[in-house]
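What follows is a set of notes on a single structure, which appears directly below.
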Amino acid sequence: MFIQRNQCWSSRRLCFITNKMAMSASAELSKAVKQQYMELPQGDKVQVMYVWIDGTGEGLRCKTRTLDSEPKSIEELPEWNFDGSSTYQSEGSNSDMYLIPSAMFRDPFRKDPNKLVLCEVLKYNHKPAETNLRLTCKKVMDMVENQVPWFGMEQEYTILGTDGHPFGWPNNGFPGPQGPYYCGVGSDKAYGRDIVEAHYRACLYAGVMICGTNAEVMPAQWEFQVGPCEGINMGDHLWVARFILHRVCEDFGVVASFDPKPIPGNWNGAGCHTNFSTKEMREEGGLKAIEESIERLGKRHSYHIRAYDPKGGLDNARRLTGHHETSNIHEFSAGVANRGASIRIPRTVGQEKKGYFEDRRPSANCDPYAVTEALIRTCLLSEEGDEPVDY
């Protein structure tokens, strides 16, 4: 009997070893030892972590400086600089780039009074870096401030091991087919919930306007929602939520991927569905304004496809196939409660004749500044054609 039990235990242990995820070496360091130092008093000094978007338009970078006192507003934060030749943003012969503090949040990792600061990036001549899309986005948002544009973005992502293999998937195979995982509960359905819970609480602490989360259709894929946010705040809050997710995953030794189609084949991709409304749309009879906006979007489909992923539509082409709850990238469509359309009008909006609509085309790795700016340009500024107007 003992031999049988021992053999059974050995078999399970072998199974565990062969399915062990590839995790970062940093995750093996003792968090308890680190905590001893994090609990040391810091006096009146404050650590401020500056965060910015690098030259890929997708990656985030950060570094920390000490201030003599806690900043109460963004105006109290000094500008800083960094080596752009190491972030794909400049040449080594002229590498200084400027960090311009733009949005401040509480730091959920170092805790109060320390801060996270999202920054715009300017080049040596103080012109915006190529991937600094916040500058023009804010300019456009200011133009329509009186229409009170609200956004809500649904950020899907996939948890991977450091080798790029989806978290919890068998090393030499696939999990069961899609079906039981969406909003699933249980060890065989929800892969990586600890990361999701940690990220959610960290965002709440930071002041990010996170409003929900759920497991997605593909195992190891999750979604969190941010909003409603007015104007430029949408991009600010989503980028900081992404940064916090990367930091949480760093602590757990895994990777958060925003690839729009991380696993080829019969598996759902990852998007960033964007919900949009104006004051007029939210008031009685607002469905008319919603329908007018959708008509404008239909005439400018190619412009939006280019704006909705950092590679001008190439990333989204792998995802927007007309299958797996997506529309076809080459066609524009709209419908009530239709998750296979480019634009979905929620059923309650169709019934109440007011509210918002959902643009389902943006990819998971989109720049929210580009997405929200494009919606404003087409829907509220009535732009036409394949190029944005220079104001």
**Report entry** Nearest atoms (heavy-atom pairs only) where Gly57 meets Trp239
**Finding:** O-CH2, 3.6 Å
**Report entry** Side chain Lys261, main chain Ala317, donor-acceptor under 3.5 Å
**Finding:** no
Report task. Sort and list the pairs that fulfil side chain to side chain donor-acceptor pair (under 3.5 Å) and have at least one residue in residues 124-135, not counting sequence neighbours. Result -> Glu120-Asn132, Glu120-Arg134, Lys123-Glu130, Arg134-Asp236
Requested in this report: Before giving the answer on side-chain hydrogen bond (donor to acceptor under 3.5 Å, both in side chains), spell out for Asn268 and Glu156 the whole-Å C-alpha distance, their side-chain angles and the decisive distance to 0.1 Å.
Outcome: CA-CA 11 Å; Asn268 274 36; Glu156 294 179 332; over 6 Å; no
Query raised in the report: Is the centre of the Phe357 ring less than 6.0 Å from the centre of the Phe276 ring?
Result: yes
Report summary line: The single option from Arg242, Gln225, His273 that satisfies side chain to side chain donor-acceptor pair (under 3.5 Å) with Gln155 is Arg242
Report task. Before giving the answer on side-chain hydrogen bond (donor to acceptor under 3.5 Å, both in side chains), spell out for Asp315 and Asn365 the whole-Å C-alpha distance, their side-chain angles and the decisive distance to 0.1 Å. Result -> CA-CA 9 Å; Asp315 275 349; Asn365 62 343; 2.7 Å; yes
Query raised in the report: Taking it one step at a time, do Glu75 and Ser73 satisfy side-chain hydrogen bond (donor to acceptor under 3.5 Å, both in side chains)?
Result: CA-CA 5 Å; Glu75 290 75 25; Ser73 67; 3.2 Å; yes
Query raised in the report: Does the salt bridge (charged side-chain N to carboxylate O under 4.0 Å, His left out) test come out yes or no for Arg300 and Glu383, once each step is laid out?
Result: CA-CA 9 Å; Arg300 217 179 185 205; Glu383 290 185 14; 3.2 Å; yes
Query raised in the report: Are Thr64 and Arg110 close enough, and set up right, to give a side-chain hydrogen bond (donor to acceptor under 3.5 Å, both in side chains), and what steps lead you there?
Result: CA-CA 11 Å; Thr64 301; Arg110 294 168 173 152; 2.9 Å; yes
Report summary line: In this structure, CE of Met21 is separated from OG1 of Thr162 (nearest 0.5 Å) by 7.5 Å
Query - Rounded distance [0.5 Å steps], CD in Glu373 versus SG in Cys137 - result: 5.5 Å
Query raised in the report: Between Leu67 and Ser69, does a side-chain contact (heavy atoms from CB on, under 4.5 Å) hold up when you go through it step by step?
Result: CA-CA 6 Å; Leu67 298 184; Ser69 59; 6.0 Å; no
Requested in this report: State, to 0.1 Å, how close Gly355 and Ile290 come at their nearest heavy-atom pair, and which atoms those are.
Outcome: C-CD1, 3.8 Å
Query raised in the report: Can you tell me how far NZ of Lys34 sits from CG of Leu29, rounded to the nearest 0.5 angstrom?
Result: 10.0 Å
Report task. For the pair Glu58 and Lys311, evaluate salt bridge (charged side-chain N to carboxylate O under 4.0 Å, His left out) and give the outcome as yes or no after the intermediate values. Result -> CA-CA 10 Å; Glu58 300 179 61; Lys311 296 182 178 64; 3.0 Å; yes
Query raised in the report: About how many Å separate CZ of Arg360 and CZ of Arg344, when rounded to the nearest 0.5 Å?
Result: 6.5 Å
Report task. Answer yes or no on whether Lys279 is positioned over the face of Trp150, meaning its NZ or CZ is under 6.0 Å from the six-membered ring centre and within 45° of the axis. Result -> no
Query raised in the report: Where the side chain of Glu76 meets the backbone of Lys72, is there a donor-acceptor pair that is under 3.5 Å apart?
Result: yes
**Report entry** Arg247 to Phe109, cation-pi by 6.0 Å centre distance and 45° axis angle
**Finding:** yes
Query - Validation row, ring centre Phe105 to ring centre His237 under 6.0 Å - result: yes
Requested in this report: Write down the atom of Gly265, the atom of His324, and the distance for their closest heavy-atom approach.
Outcome: O-CE1, 3.6 Å
Query - CA sep, side-chain torsions, deciding dist, call: Glu284, Lys354, salt bridge (charged side-chain N to carboxylate O under 4.0 Å, His left out) - result: CA-CA 6 Å; Glu284 294 299 323; Lys354 64 178 180 179; 2.7 Å; yes
Query raised in the report: Hey, what's the ring geometry for Phe174 with Trp169, parallel, tilted or perpendicular (30° and 60° as the breaks)?
Result: perpendicular
Query raised in the report: So, for Pro170 and His165, which heavy atoms are closest and what is the spacing to 0.1 Å?
Result: O-NE2, 2.7 Å
Requested in this report: Check the pair Glu70, Lys115 against salt bridge (charged side-chain N to carboxylate O under 4.0 Å, His left out), reporting the backbone distance first and the verdict last.
Outcome: CA-CA 8 Å; Glu70 181 181 359; Lys115 306 294 181 185; 3.0 Å; yes
Requested in this report: Could you tell me whether the side chain of Arg65 reaches within less than 4.5 Å of the side chain of Pro78, counting heavy atoms only?
Outcome: yes
Query raised in the report: When Leu320 is tested against each of Ile305, Asp309, Asn328 for side-chain contact (heavy atoms from CB on, under 4.5 Å), which residue passes?
Result: Ile305
Query - Any donor-acceptor N/O pair, Thr378 side chain to Leu375 backbone, under 3.5 Å - result: no
In a table with atom names and distances, give each donor-acceptor pair under 3.5 Å that connects a side chain of residues 183-199 to protein atoms at least two apart or in another chain.
from, atom 1, to, atom 2, distance (Å)
Arg193, NH2, Gly184, O, 2.9
His199, NE2, Ala241, O, 2.9

Query raised in the report: Is there a donor-acceptor pair closer than 3.5 Å between any side-chain N or O of Ser293 and the backbone N or O of Ala289?
Result: yes
Report summary line: Cys249 and Ala256 have their tightest heavy-atom pair at SG-CB, 3.8 Å
**Report entry** Heavy-atom check, side chain of Phe82 versus side chain of Arg61, under 4.5 Å
**Finding:** no
Report task. Answer yes or no: does atom CD of Glu384 have more than 12 heavy-atom neighbours from other residues, nucleotides or ligands under 6.0 Å? Result -> no
Query - Beyond-backbone contact of Cys272 with Leu238, side-chain heavy atoms, under 4.5 angstrom - result: yes
Report task. Say whether, by atom type as modelled, one donor and one acceptor occur between the side chain of Gln89 and the main chain of Ile53 under 3.5 angstrom. Result -> yes
Query raised in the report: Any sub-3.5 Å donor-acceptor pair from Ser333's side-chain atoms to Glu331's backbone N or O?
Result: no
Requested in this report: Please examine the side chains of Trp52 and Lys63, heavy atoms only from C-beta on, and report whether any two atoms are closer than 4.5 Å.
Outcome: yes
Query - Check: Thr213 side chain, Glu223 main-chain N or O, donor-acceptor pair, under 3.5 Å - result: yes
Query raised in the report: Ion pair present between Arg361 and Asp359, side-chain N to carboxylate O less than 4.0 angstrom?
Result: yes
Query raised in the report: Taking Leu116 as the fixed residue, which of Val208, Val48, Ile244 is the one that meets the side-chain contact (heavy atoms from CB on, under 4.5 Å) rule?
Result: Ile244
Report task. Mind running side-chain contact (heavy atoms from CB on, under 4.5 Å) on Asn114 and Gln42 for me, showing each step along the way? Result -> CA-CA 10 Å; Asn114 305 298; Gln42 60 187 71; 2.8 Å; yes
Report task. For the residue pair Glu358 and Ile343, establish whether any side-chain heavy-atom pair is separated by less than 4.5 Å. Result -> no
Query raised in the report: Which pair of non-hydrogen atoms, one from Tyr182 and one from Ala215, has the smallest distance, and what is that distance?
Result: CD1-O, 3.5 Å
Query raised in the report: Would you call Lys138 and Asp142 a salt bridge, using N to O less than 4.0 angstrom?
Result: yes
Query raised in the report: From Met209 CE over to Cys211 SG, what is the distance, rounded to the nearest 0.5 angstrom?
Result: 8.0 Å
Query raised in the report: Taking the six-membered ring for Trp, are Tyr308 and His301 ring centroids under 6.0 Å apart?
Result: no
Requested in this report: Determine whether the side chains of Ser257 and Asp259 contain a donor N or O and an acceptor N or O closer than 3.5 Å.
Outcome: no
**Report entry** Inter-residue atom distance Gln351.CD - Lys353.NZ, 0.5 Å rounding
**Finding:** 8.5 Å
